[in-house]
Colleague: 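I'd like to ask some things about the structure below.
Bear in mind the structure is a predicted one, so any value in this text is a computation, not a measurement.
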Amino acid sequence: MIQDEREEIARPDSNKFDLIFSEMESLHQQVTKPREQVADAKALLEITQSLVMSVRTTANGGLTPSDFVTHILKKFGGHVGPSNSTEDCNRNSVAWNDIGVAVSHVFRAGYGCCTMMAPMDAKIEQRKVINRRKRVRPTELARPEELCGGSGEEIAETDKHMLTMFNILRINKVVKLENLVLNRNSFGQTVENLFALSFLVRDGRAEIKVNESGWQLVSPRNAPAANSVVSGDVAFSHFVFRFDFNDWKLMVGTVRVGEELMPHRNSESQR
């Protein structure tokens with residue numbers, strides 16, 4: 001109907017637009033399926049495009065302001081007073097109330113299209129009730145069983161390594177860091193030696209300096225008093241020593257054989 005009556009809809013004295021729009025409104029009330037919604041939307045789009053085209057045609061010279069006023073007077077105008085009145089404002093009048101009633105439906109609140117974003121047979125799922133267990137506070141205090149050995153033996157071994165290293169520093173006074181920590185036969189023992197040296201530096205019993213040639217030199221020191229540390233007379237400086245397997249291999253090639261200071265520890269002596 002919209003395609004066939006396109007020219008008739010644009011005519012101002014035709015009621016085809018009202019008939020077609022009323023038919024669309026009645027069909028819209030019966031829409032239940034998604035395909036019907038698509039068809040309903042296409043019909044609304046087509047009639048809108050038809051009106052837009054008719055308005056563009058009118059704006060290009062189809063309907064002049066004079067014609068608009070003439071149609072208003074023809075449909076909503078009326079004569080009051082004698083026709084031979086000298087005042088033009090009393091000769092013709094416009095029923096503005098009737099115009100307002102005629103166009104009042106345009107200013108009503110518009111309702112959007114109802115779209116379906118889910119299946120038609122979707123059911124509401126009820127949430128499962130979660131039964132949370134109540135926390136029971138313990139009435140008795142329990143102390144975990146203390147295992148013998150473990151970290152205590154490791155600390156004792158570290159203390160032994162620190163004592164051995166400090167005695168070596170006290171005898172040699174100033175040694176290269178590579179000669180002090182390297183064990184060319186064991187990467188793991190080299191790491192342990194470096195670990196022991198870090199504890200000596202932390203306690204203030206060893207000092208690491210870099211000479212003009214870039215060598216890191218280690219020398220023994222007397223541990224500072226606690227009062228000196230608290231007062232700020234003695235300050236500690238720390239740095240990160242990068243060391244991995246490739247560094248150990250490089251260190252093995254740098255230090256000559258027999259210049260290692262820390263003794264090799266076999267499995268029996270460690271026990």
Colleague: Hey, could you give me the CE/CD distance between M24 and E46, rounded to the nearest 0.5 Å?
Modeller: 9.0 Å

Colleague: Is a side-chain donor or acceptor of N211 paired with a backbone partner of S213 at a separation under 3.5 angstrom?
Modeller: yes

Colleague: Show the numbers, then the answer: is there a salt bridge (Lys or Arg N to Asp or Glu O under 4.0 Å) between D40 and K42?
Modeller: CA-CA 5 Å; D40 185 62; K42 288 183 178 180; over 6 Å; no

Colleague: Tell me if a side-chain donor or acceptor on N172 pairs with a main-chain N or O of V175 at a distance below 3.5 Å.
Modeller: no

Colleague: Kindly say whether V257 contributes a backbone atom to a donor-acceptor pair with the side chain of E259 at under 3.5 angstrom?
Modeller: no

Colleague: Given 3.5 Å as the limit, does a donor-acceptor pair link the side chain of S186 with the main chain of N183, or not?
Modeller: no

Colleague: Test of understanding: clusters of I, L, V, M, F, W, Y form through side-chain heavy atoms closer than 4.5 Å, transitively. Do L73 and W96 belong to the same one?
Modeller: yes

Colleague: State plainly whether the residues K249 and D247 are in salt-bridge range, i.e. N to O under 4.0 Å.
Modeller: no

Colleague: Indicate the atoms forming the closest heavy-atom contact of E260 with G258, along with that distance.
Modeller: OE1-N, 3.0 Å

Colleague: Check for a donor-acceptor pair, side chain of N167 on one end and backbone N or O of T164 on the other, with a separation under 3.5 Å.
Modeller: no

Colleague: Kindly say whether the aromatic ring centers of F195 and F243 come within a distance under 6.0 Å.
Modeller: no

Colleague: Using the rule that two of Ile, Leu, Val, Met, Phe, Trp, Tyr join whenever any of their side-chain heavy atoms come within less than 4.5 Å, decide whether V69 and F76 are in one cluster.
Modeller: yes

Colleague: Is I171 linked to L180 within one hydrophobic cluster, defined over Ile, Leu, Val, Met, Phe, Trp and Tyr using a side-chain heavy-atom separation of less than 4.5 Å?
Modeller: no

Colleague: In Å, rounded to the nearest 0.5 Å, how long is the span from CH2 of W215 to CG of N179?
Modeller: 8.0 Å

Colleague: Take M251 and V181, measure what side chain to side chain contact (heavy atoms under 4.5 Å, CB included) needs, and give me the verdict at the end.
Modeller: CA-CA 10 Å; M251 189 179 294; V181 301; 4.2 Å; yes

Colleague: How about L261 and L169: do any of their side-chain heavy atoms sit closer than 4.5 Å?
Modeller: no

Colleague: Under the side-chain hydrogen bond (donor to acceptor under 3.5 Å, both in side chains) test, which residues partner N185, sequence neighbours left out?
Modeller: none

Colleague: Between R265 and E192, is there a side-chain N and carboxylate O pair less than 4.0 Å apart?
Modeller: yes

Colleague: Test of understanding: with side-chain contact (heavy atoms from CB on, under 4.5 Å), list the residues that count as partners of V252, not counting sequence neighbours.
Modeller: L182, R184, W248

Colleague: If you compare all heavy atoms of K173 against all heavy atoms of P220, which two are closest, and at what distance to 0.1 Å?
Modeller: O-CD, 2.8 Å

Colleague: What are the two closest non-hydrogen atoms of F166 and R221, and how far apart are they?
Modeller: CE1-O, 4.0 Å

Colleague: With the 4.5 Å side-chain cut-off for hydrophobic clustering, are I168 and L217 part of the same group?
Modeller: no

